[in-house]
Amino acid sequence: MLIKQQSQILSSEITDETIYRQRRNFIKSTLAVTAALASPSVAALSNFQIEEGQKLYPGPDWLQEKLQASVKHPQFQAADKLTPYRDVISYNNFYEFGFDKRDPAKRAQNFITDPWKVEVSGEVAKPGAYHLEDFLAPHMLQERIYRMRCVEAWSMVIPWVGIPLAEVLKRFEPTSKAKYVEFTTLHDPQQMPEQDSYFGTLDWPYVEGLRMDEAMNPLAFLATGLYGQSLPPQNGAPLRLVVPWKYGFKGIKSIVKIRFTEKMPENTWNKTAPAEYGFFANVNPLVDHPRWSQATERRLPSGLFSPNRIKTLPFNGYAEQVAHLYKGMDLTKWI
Amino acid sequence: MDIAKKTVQRLIWWMIFSLSLTPAVILLFNAISQNLGADPAKEIVLELGTWAINFLWCSLAVTPVRKLFGWRAPLKYRRMLGLYCYFYATLHLLAFATFMIGWDLKILLQELTERPYAVVGFIALLLLTPLAITSTKSMQRRLKKNWLSLHKLVYIIAVLVLLHIVWQVRSDFSEALWYGLLLFWLLAYRYYKKAPSAKGRATKPNDNVVGLKIQR
Ligand code: HEM
């Protein structure tokens, strides 16, 4: 194990480190064997280097167990250099916890992510409310390395752990009327102070949505962890959407509701500034944000004398997987 | 003037001078010790911009403060405040061009001409330049009345800078709101004071209509 554990974790609830390591190694070795038997392309979770002194987020036991049993997705492994763990968990847009990029890491520390309930409703055969553990129970976690491109023209490369969105959605048996999926973030001003702020223009709770075919695309992902660890609150714990071909704001965090609808959901940023943020929000270097260019991006962390500015790719480099979804659509209009 | 008084004034001058320089020093220190997070470039640009606007607002506050509280002392440091605004604004642009754009002239030119918020920022900085150049006492003397008209540009500059931050607002408008309210008050106070002081001006010939006073 290369992960450098840190003793400052709230250790009361997690397994003693040696047992934890043994168990993890045991699970990994058995997994490696079964994986090798099942399909040669599946490998156990990568061993990531996490900088020394970084806070890890243990999450509930049941999640730890799932994380330890997770496997690497054979295909979705961006070759780009990973953004260090430290930066991934300290530079976040999560306005519910504050407008500054550093606010979420500071203010979300006591955010309660377990127990957590997810409500499934709308055009489905099997609606219901589920504890997150049950919601995830039938699925094995996988690890995928995705590029994440923020609409503010910076980007990161993050190893997520989670489950394919399509697999989850299918379980609830969407009806033929289900044309879109709408996601909603928790609304709890006591825990998320900016939901009570007078100075924001956003309507809470945060809402995002996908068209059904987008949601069913193999790239669409629900994350419960990153860097092999459980998802930190500032990154959207305990459950967040990851749609790497779209701007980051589509990746709604701390999801409590999933609703299947016939009509296009009104996503929060689109409602606030329709000229700047659309429903689709596909990464598109040819269509500038009205106030800044989208042709290039700064890959974080950026060094001071090497801004790390790179060309932005259509669909954030995932055109092969998703471009067909938008055939015949004028993407300069459908921003 | 006796020597003791002069020394005290020197001391105050140096104190304000070094206090005003402190944000830049702290920023430099944090940059060297890599203490600025995942996006140090943006952090530096924002911090320098914030201090540029702070010094601009401070220099605009000198006159209202004098009228309100009768404090004349700050007047001595208004030039310094204005020059510090120019100092931070220039570094702000340099940091933007160096750390965020990497001096890619094509992108830089595009940003400075196509993005409304950058355009107004750029115009503000251009307009600040002649004010900085003519801030010396000899320039004041040489330009006489024209100096005053020239330096009234500062009101236009302030409005442009306010626009510069208003047009950056994505969701949180508190910063723009506070700076806007402050500027409104700083300008409105001058206007409000102008009318009643029209009569009193005969006795205070050095005060001009907008409440600026030429330093002699
Ligand atoms: C060529 C001129 C200028 C350029 C290119 C420029 C560029 C920028 C940029 C890129 C930002 C960050 C925007 C973001 O959040 O993405 C910014 C913010 C800012 N700038 Fe400028 N700027 C210029 C002139 C000025 C001047 C003259 C002032 C004030 C005297 C100023 C004050 C500010 C302030 C207060 C902020 C916001 C800081 C914050 O939100 O903390 N800028 N500027």
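Throughout, protein chains are lettered first and strands after them, A, B, ... in sequence-line order, and every chain is numbered starting at 1.
- Using a 4.5 Å cut-off between heavy atoms, Ile44(B) touches chain A through its side chain atoms alone.
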Under the side chain to side chain contact (heavy atoms under 4.5 Å, CB included) criterion, do Leu231(A) and Thr113(A) qualify, and how do the steps go? CA-CA 10 Å; Leu231(A) 204 60; Thr113(A) 59; over 6 Å; no
Short donor-acceptor separations (under 3.5 Å), chain A to chain B:
from	atom 1	to	atom 2	distance (Å)
Tyr91(A)	OH	Asp39(B)	OD2	3.0
Arg102(A)	NH1	Glu43(B)	OE2	3.4
Arg102(A)	NH2	Glu43(B)	OE2	3.1
Glu152(A)	OE2	Arg170(B)	NE	2.9
Glu152(A)	OE2	Arg170(B)	NH2	3.4
Phe199(A)	O	Phe173(B)	N	2.9
Thr201(A)	N	Ser171(B)	O	3.2
Thr201(A)	N	Ser171(B)	OG	3.2
Thr201(A)	OG1	Ser171(B)	OG	3.4
Asp288(A)	OD2	Arg115(B)	NH2	3.3
Arg291(A)	NH1	Trp167(B)	O	2.7
Arg291(A)	NH1	Gln168(B)	O	3.4
Arg291(A)	NH1	Val169(B)	O	2.7
Arg291(A)	NH2	Val169(B)	O	3.0
Arg298(A)	NH1	Asp39(B)	OD1	2.8
Arg298(A)	NH2	Asp39(B)	OD1	3.4
Arg298(A)	NH2	Asp39(B)	OD2	2.8
Arg309(A)	NE	Met100(B)	O	3.0
Arg309(A)	NH2	Met100(B)	O	2.7

Residues Ile89(A), Leu226(A); criterion side chain to side chain contact (heavy atoms under 4.5 Å, CB included); working and verdict: CA-CA 9 Å; Ile89(A) 68 160; Leu226(A) 54 80; 4.2 Å; yes
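- Comparing Leu46(B), Leu36(B), Leu177(B), Val169(B) by heavy-atom pairs within less than 4.5 Å of chain A, the highest count is held by Val169(B).
- Checked by atom type and distance alone, the side chain of Arg147(A) never pairs as donor or acceptor with a backbone atom of Ala78(A) at under 3.5 Å.
- Cation-pi geometry between Lys250(A) and Phe280(A) is not satisfied (NZ or CZ under 6.0 Å from the ring centre, within 45° of the ring normal).
- More than 12 heavy-atom neighbours from other residues, nucleotides or ligands sit within 6.0 angstrom of CG on Asp330(A).
- Remark: the backbone N or O of Gly225(A) is not paired with any side-chain donor or acceptor of Gln229(A) at under 3.5 angstrom.
- The neighbour count for Glu266(A) CD, taken as heavy atoms of other residues, nucleotides or ligands under 6.0 Å away, does not exceed 12.
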What's the verdict on ring-ring contact (aromatic ring centres under 6.0 Å, His included) for Phe111(A) and Phe97(A), showing C-alpha distance, side-chain angles and the deciding distance? CA-CA 10 Å; Phe111(A) 185 58; Phe97(A) 291 106; 5.4 Å; yes
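- Of the listed residues (Leu304(A), Val88(A), Leu202(A), Leu300(A)), the one with the most heavy-atom contacts under 4.5 Å to chain B is Leu304(A).
- For Ile101(B), the parts sitting under 4.5 Å from any heavy atom of chain A are the backbone and the side chain alike.
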